[in-house]
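Here's the structure, in structure tokens; my notes come after.
A note on names: the letters A, B, ... follow the listed sequences, proteins ahead of strands, and every chain is numbered from 1.
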Amino acid sequence: MIETASSGTAAPHYRQPLLGTPFHARSRALAQVDQYVAWSGYSTVDVYTTVEQEYFAIRNAATVYDITPMTKYRIAGRDAVAYLDRLVTRDVARLRTGRLGYCLWCNDDGELVDDGTLFRLGESEFRLCAAMRQIDWLEASAIGFDVSIEEVTERIAALSLQGPVSCAILKAAGLGEVATLPPFAIGRYDLDGIELTISRSGFTGDLGYEIWMDPSAAEAVWDRLFDVGRSRGLRAIGSRALDLARIEAGYLSPWIDFVPAEHAIRVGRARSPLELGLERFVDFDKGHFTGRRALLEERRRGPRSCLVGLDVEGNKPARAALLYADARCRREIGAVTSAVWSPTCKRNIAIARVDAPFSALGTSLWAEIYLNRELVWERRITRARVVERTFFAPERRRATPPADF
Amino acid sequence: MSARRSTSAHDAIVVGAGHNGLVAACYLARAGLDVLVLERNPYIGGAAVSRSLYEGFTYSNCSYVCSLLRPQIIRTLELPKFGLQIIPYEGGCTMMRDGGHLALYDNHDALRREIARHSRRDAEAYERYSRDMIRQCQFIKPLLLREPPDPTSFRPRDLAELAYLGRRFHGLGERRMYDTLRFWTMSAADMLDEYFESEIVKAHLAGSSIIGTALGPRSPGTAYVLLHHYMGDIDDTVGAWGFARGGMGAITQALAASLRASGGAIESEAPVEQILVRNGRTRGVALQDGREILAPVVLSNLDVRRTFLKAMDPGDLPPEFLDGVRRFKIRGSSGKLNIALDGMPTFPAIPAGSPCIRGDLHVTDTIEMMERAYDDWKNGRWSRAPYIDMLIPSQIDPTMAPQGKHYMSVFVQYCPYELAEGPWTDERRKAFGDTVIETIARQSPDFKRLILHAEVRTPWDIENEVGLTEGNIFQGELTLDQLLFNRPLPGWAQYRTPVRGVYLCGSSAHPGGGVMGAPGANAARAVLRDLGRKRAA
Amino acid sequence: MSAVAARYDVVVIGAGHNGLVCAAQLARAGRRTLVLEARARVGGAAVTREFAPGFRASTGAHLLYGLPASLDAELGLAGHGLRSAAERLPTTSLLPDGTIADVDPGPAAIEGAARAAFDRRIARFAGYLAELHARVPPRLGTPDWSDRFELLRAGFGLRRLGRRDMRELLRIGAMNAYDLLDETFESPPLKGALAFDAVLGTNFGPRSPGSVFTWLHRLAGLGAGGGRGLWCPQGGVGALSAALESAARAAGATVRTGAPVARILVEADRATGVELDDGERIEAAVVVSGADPKTTLLRLLGARHLDAGFVRTVRHLRNTGLAAKLHLALDRAPQIVGVDPARLRGRLVIAPSMDYVERAFDHSKYGEWSTAPALEITLPSLADPSLAPGGAHVLSATVQYAPYTVAGGWELERPRLMEALLDALERHAPGLRRSVVAAQLLVPPDIEREYGIAGGHWHHLELALDQFHLLRPTPGARGHATPVPGLYLCGAGCHPGGGVTGLAGRNAAQFILRQSE
């Protein structure tokens with residue numbers, strides 16, 4: 001039995017370093033193939049049944065993904081807005097209460113520390129969700145600000161409900177008002193006495209919601225969703241299926257598509273938002289934020305490399321492929337960071353870092369792909385084209401109210 | 001060559017069969033030289049020895065941890081083939097006076113949760129700390145196996161080496177260049193303050209900054225010592241420390257076997273009286289038993305003081321050089337207890353089942369305690385509340401104690417070479433040992449009852465048995481005035497000495513102490529280059 | 001928002017000696033310069049104050065040693081009223097047995113031959129350091145040619161010492177004074193007095209590695225002083241500030257006292273002026289702060305204009321002082337056992353051995369004041385009667401060590417330290433206690449309050465190798481630049497540190513002028 005954050009009875013950390021989330025008993029019951037993965041100190045499911053079935057449920061029906069391990073911070077206090085505005089690159093003052101936004105934060109050199117979502121829960125109360133622990137950086141950033149920062153990861157359980165049928169399932173569960181929630185909005189709801197916060201957000205690029213609750217309510221909410229969702233094709237999904245969906249949506253994953261700047265050991269490995277193609281999330285006009293001067297300088301100079309989308313010929317994912325300017329592979333110009341065959345787009349897609357001169361849309365490159373064919377390695381030099389990194393962006397993602405099923 | 005041949009002639013003689021002497025001998029033998037290693041003691045190993053001083057027990061009675069030994073040396077000299085096995089620690093722990101503890105674990109999440117018990121922020125700051133240490137290690141490590149350049153010289157080799165150093169430094173990028181400058185000049189206490197808020201976390205990490213030094217954790221320069229101890233790696237895990245199966249003697253035994261396999265010879269109980277010099281170059285050594293053994297090359301594994309003040313005729317050396325040797329800082333500050341235990345002692349502060357007990361154990365829970373321990377040393381006393389680095393290797397290594405019994409190694413900081421109250425006597429040694437035993441007993445109620453035998457070693461004993469001047473475990477303090485191109489003396493940092501054919505291959509030379517082997521390997525390279533150049537000429 | 005009063009090219013925050021030097025230099029270069037001083041009088045910690053009715057003392061620095069002769073000449077300070085009351089003050093070490101030791105160099109010096117050779121060599125090293133002091137440090141690893149030139153210049157200066165000296169400097173540069181002096185000399189009083197000089201005003205004991213560097217730092221100042229040695233102006237150290245103010249005014253600068261700056265104004269990521277406590281705003285193209293870096297950057301500017309990593313660096317700058325200052329009003333001239341009247345006008349030190357100083361330092365590590373403190377004592381009124389009523393005298397002493405925070409708090413401990421100091425003095429000057437009319441003891445928190453120096457450190461920031469040259473005040477700051485364009489630092493927190501040298505102010509002015517070219 002794995003210890004859950006709230007139970008406090010099970011083995012000590014030196015015997016069992018990973019915690020289970022409040023959904024652990026439920027997810028374990030559905031996990032048929034016993035594949036787990038460590039995420040921020042929690043043991044979470046990597047695959048429940050098969051990656052393909054789980055993936056298609058995201059794009060075709062609805063899925064539940066346990067996002068409790070996401071690191072969550074409550075940021076509040078008189079200077080909360082000023083603090084966050086100095087921390088992240090977007091204009092926090094313009095984020096309205098009851099809204100959330102994707103945001104980035106950089107170090108002094110303008111290199112990406114991490115990205116995450118920022119929820120404005122009140123005039124000066126926020127929640128910041130990030131893939132990795134941040135307290136060292138968040139507290140360093142708090143010097144000189146009247147603000148309190150508290151990690152609340154263990155106090156909030158969360159499920160991500162994603163897929164075209166997700167709204168219908170919430171309605172069926174008795175949360176009909178959710179239908180009016182526009183993208184990036186947050187609502188508070190009552191589910192038979194259980195207090196829920198629901199935000200219209202997610203990491204799949206599809207219609208979806210994230211449901212935030214007290215850990216004690218976790219199993220009841222899970223059961224309720226499955227009670228009404230099972231007949232609508234609701235499935236629990238693991239990290240592998242989600243990864244497929246997030247690549248299609250063009251979202252970045254730390255350690256895969258970029259090295260978090262505060263963890264980079266080697267010189268020149270960290271990346272700036274400009275290099276990652278995230279300039280639209282950087283507001284240079286809002287006043288000072290950490291990294292602004294370095295980013296301005298970089299913008300003036302032009303970034304060294306860019307993270308782009310690639311459309312690769314053939315159907316073999318270009319995982320970890322090196323990229324070249326020429327078919328003879330004489331000039332190396334970058335490398336693929338994420339690659340999959342997109343089952344929805346029916347394209348062989350990839351996210352790749354390329355030297356800046358090769359980042360324009362339409363640029364033709366060559367990828368060096370190695371294929372293991374029954375223990376015999378085959379090297380393929382395959383043509384790839386620079387394309388928009390958002391490979392899949394269905395209309396239903398934005399529709400309010402969402403279509404009914 | 002001279003007509004007078006005494007007993008035998010060799011291509012090279014190594015004085016002292018410590019690990020560096022053996023490493024140097026191995027490299028020379030592998031290059032085809034006829035090498036003889038002379039050892040004064042009846043056993044080889046210098047300070048890397050396994051000794052049976054109590055029935056059924058094996059003590060690593062000087063050095064006790066294997067981490068700095070360069071992987072390139074292990075590999076080139078095929079030490080695993082000759083029996084060397086290194087097993088990493090599973091953790092480490094500082095027991096606190098209030099009954100609490102801080103453990104370090106291998107597992108990343110266990111470690112984070114452990115530190116978070118004391119400070120949530122420190123648990124994450126630890127990652128920043130590790131990152132910065134690794135960054136600094138990456139800069140320094142390649143320098144360990146290189147000859148430091150003489151910054152005052154215009155010789156092409158020195159200029160090239162300086163340029164290499166400059167390029168590497170420049171390659172760090174602006175920010176990290178400053179970090180490096182600060183790391184080299186800061187105190188460990190100030191450095192740790194930049195990362196951590198919890199006193200126990202700082203105290204645990206600061207331990208490495210004072211081991212073997214004549215400095216306190218608040219003395220500038222100790223951040224480097226901390227780094228020096230962090231430079232080890234086992235199987236590519238940076239900063240990992242490990243046990244040598246069979247004790248530290250396993251390392252020197254493997255080196256000896258490697259040496260013999262490449263045709264080198266070792267003679268023990270052969271104390272060298274003097275390194276012989278004629279016309280500014282060496283011709284071999286004279287032994288205390290009256291024999292003379294000739295060789296055009298003599299490498300001294302002895303420290304710089306002993307080499308030039310005891311094993312050579314001062315008349316053979318320039319006076320200014322001798323002045324430098326005399327002022328070389330080599331103060332002893334560490335003691336050692338080796339204890340045979342009738343069973344496994346219990347430590348109530350450590351939770352049952354925690355693997356940290358199989359790592360390094362400490363009882364100093366504040367930096368102030370360490371600093372006060374240092375003040376005692378400054379005043380010519382052993383620390384009343386010493387910093388100890390305690391290990392029970394027999395938990396992992398079945399060869400070190402009989403079944404059910406245990407061997408405990410206790411390294412003690414600080415203990416002076418000379419006491420203010422007078423010379424070391426048996427009573428004073430016993431009193432020192434009792435201080436240490438009481439210190440441990442405060443964390444282990446059954447510890448004293450289990451003691452079967454205890455060997456107590458003061459710096460004075462270490463000097464007398466091992467030959468390290470003043471009992472300094474690094475063969476010279478690791479302060480900036482004695483590091484890199486200043487080690488051992490400015491202008492003499494390239495293993496060569498004023499006497500042609502005489503080389504230093506011990507820890508007195510760059511990069512300094514710890515069971516690293518780098519000085520030996522570098523000295524051998526210098527010898528081979530000089531020989532090659534001579535042949536070419 | 002209140003009306004904008006005036007527009008200047010440069011506003012200098014703080015009329016400490018560095019601020020005044022900087023202002024004078026900028027004004028001489030034709031910049032419309034305004035100096036704003038929070039207090040009623042200029043001078044910062046280089047002041048002469050009445051600490052008891054009729055008794056005045058240099059309540060901050062009480063001796064000068066590092067004012068470069070060249071700066072004096074540039075500003076023509078003699079023409080602005082600066083007169084020396086006493087020069088080349090001898091140093092006398094008071095020993096526990098009631099005897100004294102003359103620890104000065106010279107024909108009769110203790111261990112004369114060794115001393116002479118050592119002093120010559122050390123002076124060459126100090127000379128090299130003085131060259132570094134007089135220049136703005138470079139940044140590392142930039143493509144900027146001026147940085148590379150400065151680095152090469154520093155390296156070349158080192159080489160120019162010659163091989164033997166270069167090696168020796170590289171050896172001793174980071175060493176502790178204790179070991180170096182022990183290698184060189186025998187006499188405990190000599191070593192004690194020299195080691196005391198090495199650690200005076202620092203956070204080091206003689207055994208702390210780096211104390212040779214702090215000593216060289218002091219000697220570099222002495223060497224640049226043009227042979228005046230330790231000296232004191234007529235009217236106390238405040239007279240220097242008065243002369244600097246006069247020089248600055250003569251050059252065209254405006255000096256306003258009683259004008260405390262509340263904050264530095266920033267618009268579009270550029271410093272545009274300052275706002276005073278009363279809300280008055282003053283615009284300027286350039287703002288230069290003579291305040292310490294923490295006060296300037298964290299309080300006057302504010303973290304929100306700076307990057308988080310930089311703020312963390314600033315926060316970690318070590319800035320707490322370890323020296324206290326004692327001022328006694330005496331109703332008659334003190335009699336000090338064994339000290340003749342000529343030496344009495346000089347500098348007296350209680351630092352009989354290196355171990356004595358080290359033990360005094362040990363206390364400070366644990367938040368205690370030294371029960372047997374090391375002291376630097378002057379009796380300025382002997383040479384300058386203007387400081388005290390007729391027949392009465394002033395004693396001014398620097399006390400090592402008194403930490404910023406003491407267990408128990410200074411309210412409780414200040415009188416105890418005072419008693420301990422009077423006891424220590426009484427041993428060498430029997431009857432002194434009875435002649436004390438009034439007494440003042442400034443411990444680091446008092447110095448912080450009196451002079452507005454956060455932490456109360458002489459050098460604003462601890463002087464140590466990891467906070468020196470291109471690492472001072474923050475790594476890569478080029479000494480004076482801040483991340484906010486238009487805002488510069490000119491105080492002792494910059495390279496080359498404090499000690500009433502005016503160099504930080506002069507270097508800052510040069511830097512600012514070069515930047516605006």
Original post:
Is the CZ atom of Arg75(B) crowded by more than 12 outside heavy atoms at less than 6.0 Å?
Top reply: no

Original post:
Of all heavy-atom pairs between Arg176(B) and Ile265(A), which one has the smallest distance, and what is that distance?
Top reply: NH1-O, 2.6 Å

**OP:** Grab the two heavy atoms, one from Asp109(B) and one from Gly41(A), that are nearest each other, plus how far apart they are.
**Re:** OD1-CA, 3.3 Å

Original post:
Contact part of Arg15(A) toward chain B, heavy-atom cut-off under 4.5 Å: side chain, backbone, both or neither?
Top reply: side chain

**OP:** Determine the minimum heavy-atom distance between Ala110(B) and Pro17(A), stating which atoms define it.
**Re:** N-CB, 3.6 Å

Original post:
What residue, out of Pro351(B), Ala103(B), Pro355(B), has the most heavy-atom pairs lying under 4.5 Å from chain A?
Top reply: Pro351(B)

**OP:** Report, by ascending residue number, the residues of residues 90-98 of chain B in heavy-atom contact with chain A at a distance under 4.5 Å; give 'none' if the set is empty.
**Re:** none

Original post:
Atom CG of Leu18(A) and atom NE2 of His108(B): how far apart are they, to the nearest 0.5 Å?
Top reply: 11.5 Å

Subject >> Positions in residues 114-139 of chain B that reach chain A, provided some heavy atom is under 4.5 Å away >> reply: Glu114(B), Arg117(B), Arg120(B), Arg121(B), Glu124(B), Ala125(B), Glu127(B), Arg128(B), Arg131(B), Ile134(B), Arg135(B), Gln138(B)

Subject >> Contacting region of Glu139(A) [heavy-atom separation from chain B under 4.5 Å] >> reply: side chain

**OP:** Count the heavy atoms belonging to other residues, nucleotides or ligands that lie under 6.0 Å from CZ of Arg266(A), then report whether that count exceeds 12.
**Re:** no

